[in-house]
Protein chains: 2
Amino acid sequence: MKVTMRDVAKAAGVSPASVSFALRGDPRIKPETAQRIRDIANRMNYSVNATAKSLRSGRTGVIEAAVFQLDRPFYSQLLAGISNAALEHGVQAVAQQISTGKIGHEKSILEKVANQFCDGVILSAGGLSNAEIMELSKGKPVVLLDDQSYQGPFDSVFTPCEDGAEAAVTHLFDMGCQNIGLVGAEFRPFDQALRSMRVVDRRLIGCLRAFERHGLKLAESAVVPLDDWDTDDAYEAVSKTISEGRFTFDGLFCMTDAVAFGVLRALREHGIRVPDDVAVIGFDGVHAGEYVTPSLSTIAVNIDEIARQSVSILCRRINEGRHGAPAMPKHVTVGYEVVVRESSARIS
Amino acid sequence: MKVTMRDVAKAAGVSPASVSFALRGDPRIKPETAQRIRDIANRMNYSVNATAKSLRSGRTGVIEAAVFQLDRPFYSQLLAGISNAALEHGVQAVAQQISTGKIGHEKSILEKVANQFCDGVILSAGGLSNAEIMELSKGKPVVLLDDQSYQGPFDSVFTPCEDGAEAAVTHLFDMGCQNIGLVGAEFRPFDQALRSMRVVDRRLIGCLRAFERHGLKLAESAVVPLDDWDTDDAYEAVSKTISEGRFTFDGLFCMTDAVAFGVLRALREHGIRVPDDVAVIGFDGVHAGEYVTPSLSTIAVNIDEIARQSVSILCRRINEGRHGAPAMPKHVTVGYEVVVRESSARIS
DNA sequence: ATGAAAGCGCTAACAC
DNA sequence: GTGTTAGCGCTTTCAT
């Protein structure tokens with residue numbers, strides 16, 4: 001932070017340019033000179049000023065992953081994956097929390113997102129319109145996670161909401177459930193849900209498909225809505241449903257594992273046995289699912305694949321030469337696996 | 001990323017300097033002119049180039065929090081807290097993962113830490129020497145989390161390892177446990193532990209104190225060591241202890257909640273009842289502890305206080321004028337609370 | 001094989 | 001009140 005390239009150059013009796021070349025191993029500097037320069041730089045404890053470097057080169061070498069909550073297991077696992085994937089691409093990843101808890105702050109923080117010291121951003125920002133993102137990204141490449149627009153202008157990576165949800169509900173049917181409830185869903189007609197790309201609607205679509213294939217219709221009373229896919233909220237909501245005598249389910253699909261954790265606890269506190277009285281399955285496949293009691297069946301989405309895909313798509317876009325038109329936006333959906341654990345393993 | 005201050009200046013028929021002042025609300029620009037400039041800048045979708053700004057001003061307005069694992073609940077809660085606290089100080093926080101999983105990479109990544117686009121860093125880097133950190137920080141302010149040196153040269157924030165661990169073991173004694181085990185500790189003599197500031201040793205010290213106060217000595221067989229405070233590792237280790245017939249405990253203090261989650265599962269799979277057969281208490285107070293079954297008793301450290309303290313100490317240090325000598329390094333220890341839940345709530 | 005010099009986009013004295 | 005100007009530390013042609 002103190003010693004500059006100039007200082008090193010002076011000490012080595014060469015020009016700043018030579019130092020720059022030597023330090024980056026440019027072949028045009030004679031190997032021995034280069035080595036000498038490097039030694040001196042080391043001895044002086046020199047390190048390049050990233051800010052200056054990136055002002056000049058137009059590159060920072062960092063990508064940013066912006067999510068609403070740093071402390072949700074799904075996101076933290078994703079962020080860890082993104083960090084690792086970034087390393088393999090020779091860039092550095094930093095994570096940023098978008099939400100402050102206080103509603104309304106999102107946008108002001110978002111404004112800083114693409115403004116910042118990065119070459120591109122991976123954004124999980126359900127709720128923002130393309131126009132907003134476009135404006136905020138300031139021309140920097142953006143990869144969207146669960147983009148809410150149909151084949152929008154941005155590269156995007158999707159979780160397998162529809163298929164995963166369908167598999168979850170199908171699994172409950174397979175386990176013999178007759179009365180399946182959906183925790184964290186929003187009740188709406190099929191055709192209306194089909195017109196939306198919101199994650200909550202896409203998961204609902206999958207559920208509706210499964211119901212339909214079993215010749216059943218989803219009753220409004222079968223969904224336990226939630227403001228937020230939050231463990232505490234889910235616990236409260238299900239507890240309330242039970243105490244008000246509206247709990248008639250023998251199978252429960254929770255829209256996320258975090259929701260399921262709250263649900264499991266609510267059930268247990270009310271003496272409802274899992275899986276004997278009610279089978280429970282979640283969605284996400286976070287690590288903690290293996291450790292709760294009963295262990296949680298889930299739709300384990302390939303979180304690592306989300307990480308790898310989004311990083312590699314973003315890096316490709318960043319490196320996309322100015323030459324020629326930019327590549328078409330890429331939209332990929334990652335895989336999932338139905339993981340059956342204790343919470344839905346009926347011996348029937 | 002395209003339109004510069006120059007462009008705005010040209011469009012507004014003023015100088016770049018005026019744009020700069022106007023945009024930052026410097027009083028020396030006439031209000032109406034300033035407003036006009038702002039309008040034009042907006043219309044042109046201008047936004048300042050953070051890199052250039054910070055090269056010039058020597059400030060980035062971002063602080064960085066570097067931890068080994070992004071996907072450990074304790075760290076993610078801490079990072080979320082740091083993000084919020086940073087916002088209140090008018091700076092932006094970004095999180096960075098130091099570890100790649102592959103051992104040996106730590107240092108190379110660390111080299112980038114302080115190099116990067118930030119004004120200071122909050123570092124949780126057990127294992128690095130002061131000299132290394134000093135070198136890597138390149139003169140940027142650093143706040144250490146659980147610094148391993150005695151009253152070292154850096155500002156630091158400590159978790160209440162000794163007192164917390166003592167409280168945990170004392171709680172187990174209070175619950176009537178006669179045979180207390182320590183999962184994730186390292187067995188070593190009191191005086192040797194006392195000479196270390198490693199987190200694992202500090203927690204051991206607390207345990208030893210509690211044992212001593214009960215006139216007991218810690219047997220080597222009472223510790224179940226772990227390579228890493230990891231849920232999977234803990235599960236394996238305890239499972240092994242049980243199957244090998246070496247499990248004789250009626251009380252278990254797990255060095256972290258994450259460890260406890262693995263322990264609870266291992267116990268359950270072997271039919272050992274909690275808390276009836278063995279009482280279990282963890283350390284950290286992560287959110288998930290409320291939701292596992294049985295819910296986890298724990299030493300809940302005030303994670304938010306760690307966040308707030310480290311951010312505020314760091315910001316003060318960043319803003320410390322050049323005038324006069326720098327303030328003495330600050331060392332603070334945050335509070336904790338013994339939270340008794342089902343896993344240790346014996347009805348005795 | 002190396003050096004000189006021109007900026008990258010912005011800020012902050014200092015002029016006017 | 002507003003414009004001029006001189007860099008921040010680095011990269012990168014273009015000379016030599």
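Naming convention: chains lettered A, B, ... in sequence-line order (proteins, then strands); numbering from 1 in each chain. What's counted below: heavy atoms across the whole structure, side chains too, no hydrogens, waters or symmetry copies.
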Undergrad: Is any side-chain N of the basic residue among B:R317 and B:D119 closer than 4.0 Å to the acidic one's carboxylate O?
TA: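 Salt bridge flag = no for B:D119 with B:R317.
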Undergrad: What is the distance, rounded to the nearest whole Å, between atom CE of B:M5 and atom C1' of C:dT11?
TA: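 Distance, rounded to whole Å: 7 Å.
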Undergrad: With rounding to the nearest 0.5 Å, note down the distance linking OH in B:Y46 to CG in B:D7.
TA: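 Atom-to-atom, B:Y46:OH and B:D7:CG are 9.5 Å apart.
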Undergrad: In whole Å, what is the span from the CG atom of B:N49 to the P atom of D:dG9?
TA: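 Roughly 17 Å, once rounded to whole Å.
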Undergrad: For the side chain of A:T33, counting heavy atoms from C-beta on, which of C:dA12, C:dT2, D:dT2 is nearest?
TA: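 Of C:dA12, C:dT2, D:dT2, C:dT2 is nearest to the side chain of A:T33.
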Undergrad: Rounded to the nearest Å, what distance is computed from the CD1 atom of residue B:I37 to the C1' atom of nucleotide D:dG3?
TA: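 After rounding, the reported distance stands at 12 Å.
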Undergrad: Using a heavy-atom cut-off of 4.0 Å across all strands, would you classify A:L55 as base, sugar-phosphate, or nothing?
TA: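 Base contact.
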Undergrad: Please list residues of residues 11-18 of chain B whose heavy atoms come under 4.0 Å from any atom in DNA chain C, ordered by number; otherwise none.
TA: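 Residues of residues 11-18 of chain B that come under 4.0 Å of DNA chain C are, in numerical order, B:A17.
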Undergrad: Check every strand shown and say whether B:T4 touches a base, only sugar-phosphate, or nothing at a heavy-atom separation below 4.0 Å.
TA: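 The answer is sugar-phosphate, as B:T4 gets under 4.0 Å only of primed atoms, P, OP1 or OP2.
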Undergrad: Under 4.0 Å between any heavy atoms, over every strand shown, what does A:S54 touch: base, sugar-phosphate, or nothing? Just pick one.
TA: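 Answer is nothing: A:S54 stays at 4.0 Å or more from every strand.
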Undergrad: Distance only, no hydrogens: is a donor on one side chain within 3.5 Å (strictly under) of an acceptor on the other, for B:N84 and B:E88?
TA: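 Side-chain D/A pair, B:N84 to B:E88: absent.
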Undergrad: Return the orientation label for the B:F117 and A:F117 ring planes: parallel under 30°, perpendicular over 60°, tilted otherwise.
TA: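 Rings of B:F117 and A:F117: parallel, as their planes differ by under 30°.
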Undergrad: Relative to the 5' end of DNA chain D, which residue comes earlier, A:R28 or B:P31, by the nucleotide with the nearest heavy atom?
TA: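 By nearest-heavy-atom nucleotide position, the 5'-most residue is B:P31.
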Undergrad: Can you measure A:D26 atom CG to D:dC10 atom C1' for me and round it to whole angstrom units?
TA: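 Roughly 15 Å, once rounded to whole Å.
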Undergrad: Whole Å only: how far is the NZ atom of A:K30 from the P atom of C:dA1?
TA: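 That distance rounds to 8 Å.
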Undergrad: Quick check: does any side chain N or O of B:D155 sit under 3.5 Å from a backbone N or O of B:I313, one acting as donor and the other as acceptor?
TA: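 Flag not set: sc B:D155 to bb B:I313 has no pair under 3.5 Å.
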Undergrad: Determine whether A:R59 and A:S54 satisfy the following criterion, side-chain contact (heavy atoms from CB on, under 4.5 Å), listing intermediate values before the conclusion.
TA: CA-CA 5 Å; A:R59 281 294 189 83; A:S54 88; 5.7 Å; no
Undergrad: With distance as the sole criterion, is a donor-acceptor pair present between the side chains of B:S20 and B:R24 under 3.5 Å?
TA: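 Indeed, the side chains of B:S20 and B:R24 share at least one donor-acceptor pair under 3.5 Å.
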Undergrad: With a 3.5 Å distance limit and no angle check, can you tell me whether A:Q97 reaches the backbone of A:L70 through a side-chain donor-acceptor pair?
TA: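 Side chain of A:Q97 to backbone of A:L70: a pair is present.
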Undergrad: Expressed in angstrom and rounded to an integer, what is the separation of A:R36 atom CZ from C:dT2 atom P?
TA: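 It is 9 Å, rounded to the nearest whole Å.
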Undergrad: Take atom CZ of B:F21 and atom P of C:dG9, then tell me their distance rounded to the nearest Å.
TA: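 Atom CZ in B:F21 sits about 20 Å away from atom P in C:dG9.
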Undergrad: Output yes when at least one side-chain N/O atom of A:S20 is less than 4.0 Å from OP1 or OP2 of D:dT11, else no.
TA: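 Result: yes.
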Undergrad: Ignoring backbone atoms, test whether A:R24 places a side-chain nitrogen or oxygen under 4.0 Å from the OP1 or OP2 oxygen of D:dT12.
TA: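 Result: yes.
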Undergrad: Can you tell me how far P of C:dC10 sits from CZ of B:R6, to the nearest Å?
TA: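 B:R6 atom CZ is separated from C:dC10 atom P by 10 Å.
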Undergrad: Side chains of B:I122 and B:L145: closer than 4.5 Å at any heavy-atom pair?
TA: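 B:I122 reaches B:L145 side chain to side chain.
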Undergrad: So what is the end-to-end bend of the helix from C:dA1-D:dT16 to C:dC16-D:dG1, with 5 pairs used at each end and the value given to 10 degrees?
TA: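 Inter-axis angle at the ends, rounded: 40°.
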Undergrad: Look at the side chain of B:R56 against the base of D:dG7 and say whether a donor-acceptor pair falls under 3.5 Å; ignore hydrogens and angles.
TA: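 Such a pair exists between side chain and base.
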Undergrad: Is there a donor-acceptor pair closer than 3.5 Å between any side-chain N or O of B:E320 and the backbone N or O of B:A327?
TA: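 Here the side-chain-to-backbone pair exists.
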